[in-house]
Amino acid sequence: MSLLSVRDLTVKFSNRGQSVTALNGISFDIARGERVGVVGESGAGKSITGFAMMNLLSRPGYIDGGQVLFEGKDVLKMSAREQRSLRGNRMAMIFQDPMVTLNPVLTIGQQMVETLRAHRKLSHEEARQIATVKLKEVYIPSPEARLDQYPHELSGGMRQRIVIAMALLLDPQLIIADEPTTALDVTIQADIMELLLEMCRSNMVGLMLITHDLGVVSQVTERTLVMYAGRIIEAGKTRSIINDPQHPYTQGLINALPQQTPPGSRLKQIPGSMPSLNAMPSGCPFHPRCPLANDLCRTTMPKVVQYADVEVACHEVQRLQSDLTSEAAQ
Amino acid sequence: MLQYTFRRTIAVLPTILCLIVICFFLMRLAPGGPFTSERPLPPAIMANVLERYGLDQPLYVQLFTYLKNIFFNFDFGPSFAQRDRDVNDIIAAGFPVTLTYGFWSAVFVLVLGIPLGVIAALRQNSFWDYVMTGFAIFSQIFPNFVLAPLMVLTFTLALGLLPGGGWNGGQWEYVVMPAVALGTSYLANVARITRSSLLEVLGSPYIRTARAKGLPERTIMIRHALKPTLLPVISYMSPVFVYMITGSVFIDVFFSTGGIGQSFIDAAYTRDYSVILGLAILYSVLTFVLNLAVDLAYAAIDPKVRSGLK
Ligand SMILES: Nc1ncnc2c1ncn2[C@@H]1O[C@H](COP(=O)(O)OP(=O)(O)OP(=O)(O)O)[C@@H](O)[C@H]1O
Ligand SMILES: [Mg+2]
């Protein structure tokens, strides 16, 4: 049994009585200790997926069906109390900008201690001890002193280390990290990412890493989900996705990488932009930007099929596949 | 923090001095004086009176004497219009009145306004939210000079519950209406500010973090949301406090409380230089003290401000 399975998860936003679909029945699994990357352009629904998994969507967003099975139990059907005991304890979250995700009026120590004590019967002193140990694990110098500091007194990199330590406090099974390094200086991004990888490896923690950065995905994760307009359009081993992407969108993402571009020439961006939620095209949502789009793509959403080493939702890929099978049959 | 308070106090002294000098000359610039009237006094008597109050001296000598008395004797001089009373007496009589109902007015505003705003934010578009919106509109349509007569009509004339004016040593029946009439419009604003501030805080990333840590809802509200929510309320209240405690001329006159606002009006009519000046100084000192208090409250809540103070 996988640690986490998401089944047909649908999220909508209601807007003046109308609702738009932000996540369109997505399904995926994360095994114990597995590191999964989630990539896609801005607005694809990556963050929404993370929040929905914790059942932490805030209005006007709401879950309109589907399951989030954590160790076989549906998080969405649990009582508020059970959900709370899961959050921060079994499943932790790391957000983008530690300057705004840590409470500015509470010390680091207060914010760590309260997390521990919300889930375990500990005295204040014991909780502080554990917090100190965790800060040490993420290589924070003089951890004792840090506990009494406020977030604004620390550097961005230090804050994000603290956030990672905070996520690890209760030895969770899964960490959802939503662009944990985007707000940081480029020079420390790699350090933080390496730290996160090391922590997940040594503690056997599953990781769902949401990011724009395909380079990071290939370094850190074992499997990758590619999202587009609220759907997972391609999923598989990170190696296969990076080296042999099947979906034209994924191919576009990879071709747009600076490494794929000869020095001095322009980056090969995918033309156009992601459709907005209230102007979703018919059929495959990628067809207006797709070089291979045909009439079928404009009318029907493709089903997910297994092809090469990946699962992919694309009519063109399906055609290739059926060509192959018919060739094989002859 | 103490050092900061001390520094601020030292820094404000020159400001207050400037203010005294400016007020002093401004008042003398206006034509007329405390002893001009329809029927001019005989010149001999006039000279006598002027000499008694030192008004025959050159202006700079008057100013100097005035400052000397303030700084060395804490004496703001005699009233020019009310014989046998000096400014200290007038302030000592009127200020406690204003301070009392001003204080209760502030209590009324905060104790009702903040919870009302919180409820409205937590139950958006609920009954209480509409009550608050309705109340905010109501208080804009009925400013205190409309509200006060309405209250007297209702509670004094129709129901006979509360006295329509007077002070009577500050018994609570006499304090209620001045305090409520003075505070109502601020109450609505405080509720509105609290509501929008709390909504913003609740939508902030650190509240999401607190939820993601699995903290109980109560901890989230009290520990994480409350303090940041109050910051804009404190900013808003800082000038309002000064206004409330120095009293509203309208409230003092309408309810005949004998508060300081009444003295101010009287002094302005009679060109009672020393009283006007004394009250101006009182207002500016209060403004300073309350602003300092608000800044300290801000620092107590926000560690970023606190470390800026050092
Ligand atoms: N409060 C909201 N109301 C309406 N629509 C929303 C709201 N929050 C998010 N959305 C929409 O949901 C979609 C998915 O948003 P999401 O934040 O998951 O994108 P993302 O993939 O994380 O993008 P990014 O890379 O920019 O973080 C977007 O189209 C966004 O406009
Ligand atoms: Mg996002």
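A quick note: this is a predicted structure, and the numbers were derived from the prediction, not measured. Just so we're on the same page: letters track the sequence lines, and every chain starts at 1. Quick note: numbers below take in every heavy atom, side chains included, and nothing from hydrogens, waters or symmetry partners.
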- Query: For the ring pair Y283(B) and F264(B), is the centre-to-centre distance below 6.0 Å?
  - Reply: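 Centroid separation for Y283(B) and F264(B): below 6.0 Å.
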- Task: Using the six-membered ring wherever Trp is involved, compare the ring planes of F135(B) and F138(B) and label them parallel, tilted or perpendicular (cut-offs 30° and 60°).
- Result: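 Ring orientation, 0 to 90° scale: parallel.
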- Task: Can you measure from CG (D97(A)) to CG (D178(A)) and round to the nearest 0.5 angstrom?
- Result: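 Output value for this atom pair is 11.5 Å.
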- Query: Can you tell me how far the CD atom of E114(A) sits from the CZ atom of R223(B), to the nearest 0.5 Å?
  - Reply: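 E114(A) atom CD to R223(B) atom CZ measures 4.5 Å (nearest 0.5 Å).
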If you tally heavy-atom pairs under 4.5 Å against chain B, which of [options] wins?
options                         : answer
A92(A), S85(A), P104(A), A80(A) : P104(A)
R84(A), R117(A), R81(A)         : R84(A)
R59(A), M54(A), R87(A)          : R87(A)
I94(A), L169(A), L56(A)         : L56(A)

Side chain, backbone, both or neither: which part of [X] has a heavy atom under 4.5 Å from chain B?
X       : answer
L102(A) : backbone
Q110(A) : both
S58(A)  : neither
N89(A)  : neither
Q83(A)  : neither

Is the shortest heavy-atom distance from the side chain of [X] to the side chain of [Y] under 4.5 Å?
X       : Y       : answer
I175(A) : L209(A) : no
L231(B) : Y298(B) : yes
K12(A)  : I63(A)  : no

